[in-house]
Participant: 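Mind having a look at this structure? Questions to follow.
Since we're looking at a predicted model, the values are computed, not measured. Numbered from 1 within each chain, the chains take letters A, B, ... in sequence-line order.
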Protein chains: 2
Amino acid sequence: MNTTYTNILQHADALIQSNGFHGFSYADLAKELDIRKASIHHHFATKADLGIAFCQLKCEQLKQLESHLKTLPSAKARLQGYFAVFQSCANDGQMCGIYAMQTDLRLMAEPLQKQVLKMADLELNILSDILQVGLDNGEFNFKPTAYQQAVIICCAIKGALMLNRSEHHAGLFNQTCDAWIEMLA
Amino acid sequence: MNTTYTNILQHADALIQSNGFHGFSYADLAKELDIRKASIHHHFATKADLGIAFCQLKCEQLKQLESHLKTLPSAKARLQGYFAVFQSCANDGQMCGIYAMQTDLRLMAEPLQKQVLKMADLELNILSDILQVGLDNGEFNFKPTAYQQAVIICCAIKGALMLNRSEHHAGLFNQTCDAWIEMLA
DNA sequence: GCAAGCCTACCTACTGGTAGGTAATATCCT
DNA sequence: AGGATATTACCTACCAGTAGGTAGGCTTGC
């Protein structure tokens, strides 16, 4: 399905991951898609609505990812599968969209803020579950709670993803993923 | 010294830590300081100049911090001293300014980008040195290089600082600091 | 006298959002 | 089947507000 609606969301996704939610405008989006601003407003009445739709899309994608990861045999494979999601961002010099939304949190109206926090927590819970499984079956070894460990890993790889954008730190994201796999063993 | 120049920088600091570099305007700054926009332009001709001055200020503060931390007897105390810097941010619901600048990197002109990257790398090197000392004298134990470990810790605590802003994650920053002290032992 | 510091008044470009119109498609009623 | 009626999707043209920035004038202290 390649409707205008999904095209807008897709391009908004890319722009959010490059510049953050407040770092792009409807005009930017319109130019990229070669449609008019009013057409975007037709599908997403306000920018907050676009933000909310983005969060809902990410939540769906996260749930799909969770289902997919559960088919993998080991916690280690699941963690690597989780890391793999960000590989394309790393290649394209982008940040994590969820993180990018978090940084602009204070500039958002409350309904959007709520969606952002919900999305972020969904991700943390998915990662937390993977870590808990690994801890229980002896694959992983760490001292904090699974949730705390999830926060630490999640933040670390997303920060690395951000730093990874400058040439000086090229490869940093992959190094960080590898380091975590080794550190948890 | 409480000049208009330093007042502007100080308030810009707070706004950057709340909303990011592109999340505040000269008008916001002028309102807070009860001066006119043109007066800010008198001290910082362009917003990029203000950004560069911010980076230079942070670099000086980082160097001062480094000197101070070197007076502390152990690597663990130095690491805790480093963490302590962010305590006021955590209390005020703010992000790390260095991190906040990084997220908006793509929206900045090149001269400012350079300063941001320089500032970020200075911090990573300071943290890296602390970790190396701790590794060498047996206080700390970790597998990656000191620099890689510095990236991981730096990103993790700053991400936690960001998440810490929502009530749902209150206390997360301190938990993360404590977790790192324990994990490195 | 003159420079620093701050001001009023203004500019251009762009922001998110709105009003109102057109063409195509779908739905309904006889 | 054919005509009336909505609905969808897009458009042009605009709005008020805000962004960063500029020109030029008024104080104040050396």
Participant: Counting N and O atoms only, with roles assigned by atom type, does the side chain of A/R106 sit under 3.5 Å from a partner on the main chain of B/N19, one being a donor and the other an acceptor?
Facilitator: no
Participant: Could you tell me whether A/R78 and A/E139 have a side-chain N and a carboxylate O separated by less than 4.0 Å?
Facilitator: no
Participant: Can you find a side chain N or O atom of B/H43 that sits less than 4.0 Å from OP1 or OP2 on C/dA4?
Facilitator: no
Participant: Taking only the side-chain nitrogens and oxygens of A/H42, find out if one of them lies under 4.0 Å from OP1 or OP2 of D/dA9.
Facilitator: yes
Participant: Give the ring-plane orientation class for B/H41 versus B/Y26, where under 30° counts as parallel, over 60° as perpendicular and anything between as tilted.
Facilitator: tilted
Participant: Within less than 4.0 Å of OP1 or OP2 of D/dT12, is there a side-chain N or O belonging to A/R36?
Facilitator: yes
Participant: Starting at the 5' end of nucleotides 12-19 of chain C, put B wherever the base has a protein heavy atom under 4.0 Å, S where only the sugar-phosphate does, and a dash everywhere else.
Facilitator: ---SBBBB
Participant: Rounded to whole Å, please give me the gap between CG in B/L29 and C1' in C/dC6.
Facilitator: 15 Å
Participant: CD/A/Q17 to CZ/A/R165 distance, rounded to the nearest 0.5 angstrom?
Facilitator: 11.0 Å
Participant: Taking only side-chain N and O atoms of B/S39, does any of them lie within less than 4.0 angstrom of OP1 or OP2 on C/dG5?
Facilitator: no
Participant: Does the side chain of B/C154 come within less than 4.5 Å of B/Y99's, by heavy atoms?
Facilitator: no
Participant: Show the atom names and distances, to 0.1 Å, of all donor-acceptor pairs under 3.5 Å that link a side chain in residues 54-61 of chain B to residues at least two apart or in another chain.
Facilitator:
unit_1	atom_1	unit_2	atom_2	d
B/K58	NZ	B/D13	OD2	3.4

